[in-house]
Amino acid sequence: MLVLMLVAAATLRLCLVAGAQQLCRIHTVRTGKVFHVSQQIQGDHLYFSSGTPRLIKHPCKKNIALYLGRQIFFTRDNFKSSLLPLSLPTSIKVGIPEVTSAHIAGSVLLLVVNQKVYVYDYEANSWNASIGIEHPVSHISGDNCCYSGHPFCVDISNSVFAYLHGDQISQTHVYFSNTRGYTFQKFAYERQAELVGSLGGVFHFHSLSQVGLLLIDQGKAMFSYSEHPLNRSLGLPFDYNGTLDILITPGQKGILIFWFEKSLLVSGNAGQLVYPVPMDEEPRISYSSVSEANVTIHNIAANQNELAVLTRENSLYYGSLGILPSSLIKFSGQNIWSQEAAVMFTDVGQVEILTPLPDPMFPAFDFQRCPMNVQEILMDPQLQVDVCKVELLQGEFDNRMYSIDMNSKLQLTALMIPRPGRSPVPLAMVSNPHSLGLQVAIYEDGYTYDGNTKHRLNISLRQQHHWGRANPNFTSSIKKPTVSTITLDVANKEISCVDLKPLTALISVGCDQGKKIVIQNKISACSNGILDPVGLQDNYSYIIEKEAYDPNFRGQMSREDLVVNYPYEKLGCPRLVYYNTPWRPVVELWREGKFQEVTKAEFVLLEVNGLFTYTYSLTAQMALCRSQPQNWTTILESAGDKRPFAWDRENYISCHDPDNDAPLRWPDVPYQILGGPTANKVIFDQRNGIYVFFLSIVDPYYSYCHLETTFSVYVYGALPPSIIPTTVTIIPLIMAMLLSVWSAYMIPKLLHTEKGLRLKEFWMNLCRRLRNLCPCFQGRR
Ligand SMILES: *[C@@H]1O[C@H](CO)[C@@H](O)[C@H](O)[C@H]1NC(C)=O
Ligand SMILES: *[C@@H]1O[C@H](CO)[C@@H](O)[C@H](O)[C@H]1NC(C)=O
Ligand SMILES: *[C@@H]1O[C@H](CO)[C@@H](O)[C@H](O)[C@H]1NC(C)=O
Ligand SMILES: *[C@@H]1O[C@H](CO)[C@@H](O)[C@H](O)[C@H]1NC(C)=O
Ligand SMILES: *[C@@H]1O[C@H](CO)[C@@H](O)[C@H](O)[C@H]1NC(C)=O
Ligand SMILES: *[C@@H]1O[C@H](CO)[C@@H](O)[C@H](O)[C@H]1NC(C)=O
Ligand SMILES: *[C@@H]1O[C@H](CO)[C@@H](O)[C@H](O)[C@H]1NC(C)=O
Ligand SMILES: *[C@@H]1O[C@H](CO)[C@@H](O)[C@H](O)[C@H]1NC(C)=O
C-alpha cells in the first residue's frame, strides 16, 4: 500500500507558494524510492565544513552537479531524482569526514576530506586517495575546458592545485597535479620565499597563461603571478574581509568572483583588477557594494555570462558578467531562502533554487526546486528595466575553439542588429593581450535591410609579435604556446539583454596541427634513370663503408661496414644531387594538403645513419656569428640519450642573437644551420651514394609546431678515385674491356647493392660523354 502511494508520488508535485510574489514555482522531486528501499548509506557520511551550502555544476556536462551542505549529493541527472547522500567507503578510514573543498575535473570528483585529497571516479564508481601530498591541505582548485578534442584543452581539465588556505605563503607547500588529482607533486613558485602574507588561493589562469597566488596581508589581498611580464610586480590590492570563496567562471575568460556573507567582488582579468559589485534595489536606489546594501549573501551561482546571488533576506540578485562591470538587480521573493537552499543556473537566463529535503521513511533525499525565468521577471513594469538596445548579436565563432600559429591570421565575423534608432557600440576583447599578442580590429560595415541597419563586424586576430609592435616588457615569451579567449559584446548593455549573450571563442595560440613540411623533389634520381625505382622498392639495401659513418654522430670512423635497408615506402625515390655543387634542400610548407610557401626559416640537417662525408660551405665566422654557434655535437651532448635528434625550435639559440653572450672562440668551425639570413650550403665529399637526412626547422619564430621530416638524396657524379682514368685517351679501351665483363656477369647481380648503383652510374657518366660507344647499358634499364 505504502509502495503504491509512493509510486503515485513519484511524478512531480507542483504547487505555488501561497501569497508569495510569483518569482518561481516550487516543486519537489521525489522519484525512485521504491527501488531504493533496500539501499542504505554505506560508509562514512560526508558533510561540508561551511555553514552555508555550495552547488558546483560541471561546466561541460549539464547534468552533473555536486551539492555541498550538511549532506553531500552528487547527481548525474541534474537533481531530477531522489538521492542518497554521498559517503566515503569505510575502507578509507578518515574519522568523521569533513569536506572543506571540492572540484569536478573531467570525469572525476575531487574532495578534500580531513586535509587529504580523495578522487571519486563517478564513471567507474571508484575511490582513490591522491598520491604525493605530504602536508595537510584544505583547498583544491582547477578548471575545465569543454573542447575535449584539443590537447591543450585536455591539459586544462587535467591540471589541479591543492593547498592549505591561510598558511604563511613564504613556507607553505603547494601541490600540483596534471593527472586530474590522482598524483601530485610539489609546485615550485619562483619567488615564494619572498612573499609576505597568508595564502588565499592558488589558481591556474589558463586564459592568461599564468599561475596566480593570492596573498592576504592586513585586510588587503593581491595576486602574485608566475610568468613574465606579470611576475614583475603584484596585482592591485583589494579589500579582503572575512574568508573569500573564489569562483572561476566557466569558459576560460578569466572572470573571477570573490565572495563571503558580506562581500562580493568581481574581476574580469584574472585578478589583475578586482572591484566590488554594485547592487540596485529599486529603480533609483543603488549601492556600491554588498556591505552598503546591508544584505547577507547565502550563496551564489555563475555561468559564462551571468551571476545570481541568493541572500538571507529572501532576495535574489541577478546580473550579467560582461566585459564591463555591471550592477546586480534585486528580485524580491518570499520563502525562497532556507538554511539548506542553494542557487544554480540550469541554462541561460534560467535560475533555480534547490533545497534537499530529508525523508523520514527513506534514506534517500528529495529535492525542492524553484525555477525562475529571468527574462520573464524582468518584464515586470515595476522594475522599470530599459529594453535591450540590440536585437541580435550573432557569430559563427561563438563557443568554438580555434588555433592560431605564428605567421597566421584568424578572421572572425559577426552580425549585430540594433533596435531601430539605437546605435550600440560593439566591444571585443582578448583575455591574454600580454603573452598572446593578439590584436583585434573591428570593421563595421552598416547596411540597411528591412528598415534596420545591420552591422557586419570583422574581427581579425594575429600575433602581436608579427605585427612588428612587440615590446618585450609587455609580451611574454612568445616562444611558448598559450591560450586566450576572444569575447565580443556590446558596451553598456542593459540588464534586459538576457538572451543576448556575449560571443566567445577559445583560441589556442600554438601549433596548427595541419602544418607540415615537404622537401621539394623536382629532380629525382629515378626520373633521371640513375636509380631504378623497381629495384629500390624490392627490399633494396646498400652498404655504407666503415670509413664514412659513425653511429654515434661524432664523426669518427666505425669498425664495420653498415648494411642499410632502404625504406622506399617512407622515403620514395631519392632526390638527385650532383656531388660537386653546393646544395641546400628546398623546404616547402604545406597545410592540410595545400602548398603554402617555400620557407625561409632556419633549419638543420643530420644524416640518420651517421654518414659524415659532407660539410657546410660557411664557417661560424663567414656566417657573421656574434657568438659560438650550436652544432650537432653540442646538442647531442646536452640532450644525452633522451632523443637522438634533439635540435628544435625550443633549444635553438641563434649565434646572431644580440642576447647570446657565448664568446666566439672557434670561428673556423663549420656553421651547421641552413636557411634564414645566410647562404650556407651543404658540400658533399667525393662519394656517391644515398644519404637519408633528418631535417628540423629550428627557427623559433616560424611556427609553434615541431616541423621536421626525413628525406633522402642520391649524391652522384663523383668518380670513384680508384677507377678514375688517368688520361682521356684510354677511356675507349677500358670501356670496351669492362663493358663486356660487367654487362654480361656482374651488373645484374650488383644492381641491388650500392656498389652496383655506383658502378651503374659510373657507366652512365661515361655514356653521357661517349654516347655513341655504349648504347648497350641504357638498353638494360
Ligand atoms: C585506485 O585504487 C585502486 C585500488 O584501490 C587501484 O587498483 C587503482 O590503480 C587506483 N587507480 C589509480 C588511477 O591510481
Ligand atoms: C619573470 O620571469 C622571467 C622569465 O621567466 C624571468 O627572467 C624574470 O627574472 C622574472 N622576474 C622576476 C622579477 O622574477
Ligand atoms: C571590508 O570591511 C571594511 C571595514 O569593515 C569596509 O570599509 C569595506 O567596505 C569592506 N570591503 C568590502 C569589499 O566589503
Ligand atoms: C542592516 O540590517 C539589519 C537588519 O537586517 C539592521 O539591524 C541594521 O541596522 C542594518 N544596518 C544598516 C547600517 O543599515
Ligand atoms: C568583412 O569580411 C567580409 C568577408 O570576410 C568581406 O567580404 C568584407 O569586405 C569585410 N569588410 C571589411 C570592412 O573589411
Ligand atoms: C622595458 O623596461 C625597462 C625597465 O622598466 C626599460 O628600461 C626599457 O626601456 C623597457 N623596454 C622597452 C622596449 O620599452
Ligand atoms: C629484406 O632483406 C633483409 C636483409 O637484407 C632480409 O632480412 C629480409 O627478410 C628481406 N625482406 C623481404 C621481404 O624480402
Ligand atoms: C661544435 O662546437 C664546438 C664549440 O661549441 C666546437 O668545439 C666543435 O669543434 C664543433 N664541432 C664541429 C663538428 O664543428
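- Residues Thr504 and Ile486 fail the side-chain proximity criterion, which asks for heavy atoms closer than 4.5 Å.
- Looking only at side-chain heavy atoms (C-beta outward), Gln350 and Phe345 stay at 4.5 Å or farther from each other.
- Minimum interatomic distance between Ile495 and Gly319 (heavy atoms only, all atoms of both residues): CD1-CA, 4.1 Å.
- Looking only at atom types and distance, the side chain of Asp366 has no donor-acceptor partner in the side chain of Thr28 under 3.5 Å away.
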List the steps and the verdict of side-chain hydrogen bond (donor to acceptor under 3.5 Å, both in side chains) for Asp280 and Tyr287.
CA-CA 6 Å; Asp280 291 353; Tyr287 299 106; over 6 Å; no
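- Between Ile72 and Val99 the shortest heavy-atom distance is CD1-CG2, 3.5 Å.
- Phe365 is listed as a side-chain neighbour of Pro85, based on a closest heavy-atom distance under 4.5 Å.
- The OG1 atom of Thr311 sits 7.0 Å away from the CD1 atom of Ile336 when rounded to the nearest 0.5 Å.
- Using a 4.0 Å cut-off between charged nitrogen and carboxylate oxygen, Asp359 and Arg30 count as a salt-bridge pair.
- Aromatic rings of Phe176 and Phe184 (six-membered ring for Trp) have centroids beyond the 6.0 Å cut-off, not under it.
- The two atoms that bring Leu55 and Ala65 nearest to each other are CD2-CB, 4.2 Å, heavy atoms only.
- For the cysteine pair Cys153 and Cys146, the distance separating the two SG atoms is not below 2.5 Å.
- Contact check for Ser508 versus Met401: side-chain heavy atoms found under the 4.5 Å cut-off.
- Gln339 places a side-chain N or O within donor-acceptor distance of the main-chain N or O of Gly51, the cut-off being under 3.5 Å.
- Listed by chain and number, the residues in a salt bridge (charged side-chain N to carboxylate O under 4.0 Å, His left out) with Arg70 are Glu340 (sequence neighbours excluded).
- The OG atom of Ser496 sits 7.0 Å away from the CD atom of Gln375 when rounded to the nearest 0.5 Å.
- A 4.5 Å side-chain heavy-atom check between Asn178 and Asp155 finds every atom pair outside the cut-off.
- Under the 6.0 Å cut-off for aromatic ring centres, Tyr175 and Phe187 do not qualify, their centroids lying 6.0 Å or more apart.
- Leu427 is linked by a side chain to side chain contact (heavy atoms under 4.5 Å, CB included) to Ile323, Leu324, Ala491, counting only residues two or more places apart in sequence or in another chain.
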Run the numbers on Tyr120 and Asn125 for side-chain contact (heavy atoms from CB on, under 4.5 Å), then give the verdict.
CA-CA 7 Å; Tyr120 173 54; Asn125 190 24; 2.8 Å; yes
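- A distance of 10.5 Å separates CG in Leu273 from CZ in Phe238, rounded to the nearest 0.5 Å.
- No hydrogens or angles considered: a donor-acceptor pair under 3.5 Å links the side chains of Ser484 and Ser431.
- Taking the six-membered ring where tryptophan is involved, the planes of Phe367 and Phe73 are perpendicular, since the angle between them exceeds 60° and thus also 30°.
- Under the salt bridge (charged side-chain N to carboxylate O under 4.0 Å, His left out) criterion, Lys262 pairs with no residue, sequence neighbours left out.
- Thr100 and Ser138 get closest at one heavy-atom pair: OG1-O, 2.7 Å.
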Evaluate side-chain contact (heavy atoms from CB on, under 4.5 Å) for Ile56 paired with His103, printing each intermediate quantity in order.
CA-CA 8 Å; Ile56 302 173; His103 169 64; over 6 Å; no
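- Residues forming a salt bridge (charged side-chain N to carboxylate O under 4.0 Å, His left out) with Arg400 (at least two apart in sequence, or on another chain): none.
- Note that CG of Asp489 is 10.5 Å distant from CG of Leu321, once rounded to the nearest 0.5 Å.
- For Asn63, the CG atom counts as densely surrounded, since its 6.0 Å shell holds more than 12 non-hydrogen atoms of other residues, nucleotides or ligands.
- Formation of a donor-acceptor pair under 3.5 Å by the Ser101 side chain with backbone atoms of Ile140 is found in this model.
- Looking at every heavy atom in both residues, Gln252 comes nearest to Thr485 through O-CG2, 2.9 Å.
- Looking only at side-chain heavy atoms (C-beta outward), Ile216 and Leu199 stay at 4.5 Å or farther from each other.
- Salt bridge annotation for Lys501-Glu306: absent, with no cationic side-chain nitrogen under 4.0 angstrom from a carboxylate oxygen.
- In this pair, Phe79 and Tyr67 present their aromatic rings perpendicular. The plane angle is above 60°, beyond the 30 to 60° band.
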Distance-only check: which donor-acceptor pairs under 3.5 Å involve side-chain atoms of residues 108-115, not counting sequence neighbours?
from, atom 1, to, atom 2, distance (Å)
Asn114, OD1, Glu98, N, 3.0
Asn114, ND2, Val94, O, 2.6
Asn114, ND2, Ile96, O, 3.0

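- The one candidate from Ser159, Ser107, Ser130 that meets the side chain to side chain donor-acceptor pair (under 3.5 Å) condition with Arg180 is Ser107.
- To the nearest 0.5 angstrom, Ser315 atom OG is 11.5 Å from Leu328 atom CG.
- By the 30° and 60° cut-offs, the orientation of the rings of Tyr163 relative to His165 is tilted.
- Minimum heavy-atom separation, Val277 to Ser326: CG1-O, 4.2 Å.
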Show your reasoning for whether side-chain contact (heavy atoms from CB on, under 4.5 Å) applies to Val374 and Phe331.
CA-CA 9 Å; Val374 175; Phe331 305 148; 4.1 Å; yes
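- Annotation: side chain of Lys253 is in contact with side chain of Thr487 (closest heavy-atom distance under 4.5 Å).
- To the nearest 0.5 angstrom, Arg312 atom CZ is 7.0 Å from His298 atom NE2.
- When the options Lys493, Glu494, Gln394 are evaluated for a side chain to side chain contact (heavy atoms under 4.5 Å, CB included) with Leu500, the one that passes is Lys493.
- Cys60-Cys145 SG separation is not under 2.5 Å; the pair is not scored as a disulfide.
- Leu256 is not listed as a side-chain neighbour of Val274, based on a closest heavy-atom distance of 4.5 Å or more.
- Heavy atoms from other residues, nucleotides or ligands lying under 6.0 Å from NZ of Lys116 number 12 at most.
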Using side-chain contact (heavy atoms from CB on, under 4.5 Å), reason through Phe203 and Ile246 one step at a time and then give a plain yes or no.
CA-CA 10 Å; Phe203 308 92; Ile246 302 172; 3.8 Å; yes
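- Looking at residues two or more places apart in sequence or on another chain, you find no side chain to side chain donor-acceptor pair (under 3.5 Å) involving Thr346.
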Run the ring pair (Phe, Tyr, Trp, His ring centres under 6.0 Å) test on Phe74 and Tyr122 for me, step by step, so that the C-alpha distance in whole Å, both residues' side-chain angles and the decisive distance to 0.1 Å come before the verdict.
CA-CA 9 Å; Phe74 176 68; Tyr122 56 77; 5.0 Å; yes
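- When atom types are taken as modelled, the side chain of Glu281 and the backbone of Lys330 share no donor-acceptor pair closer than 3.5 angstrom.
- When each of Leu310, Val309, Asp245 is paired with Asn299, the side chain to side chain contact (heavy atoms under 4.5 Å, CB included) condition holds for Leu310 and for no other.
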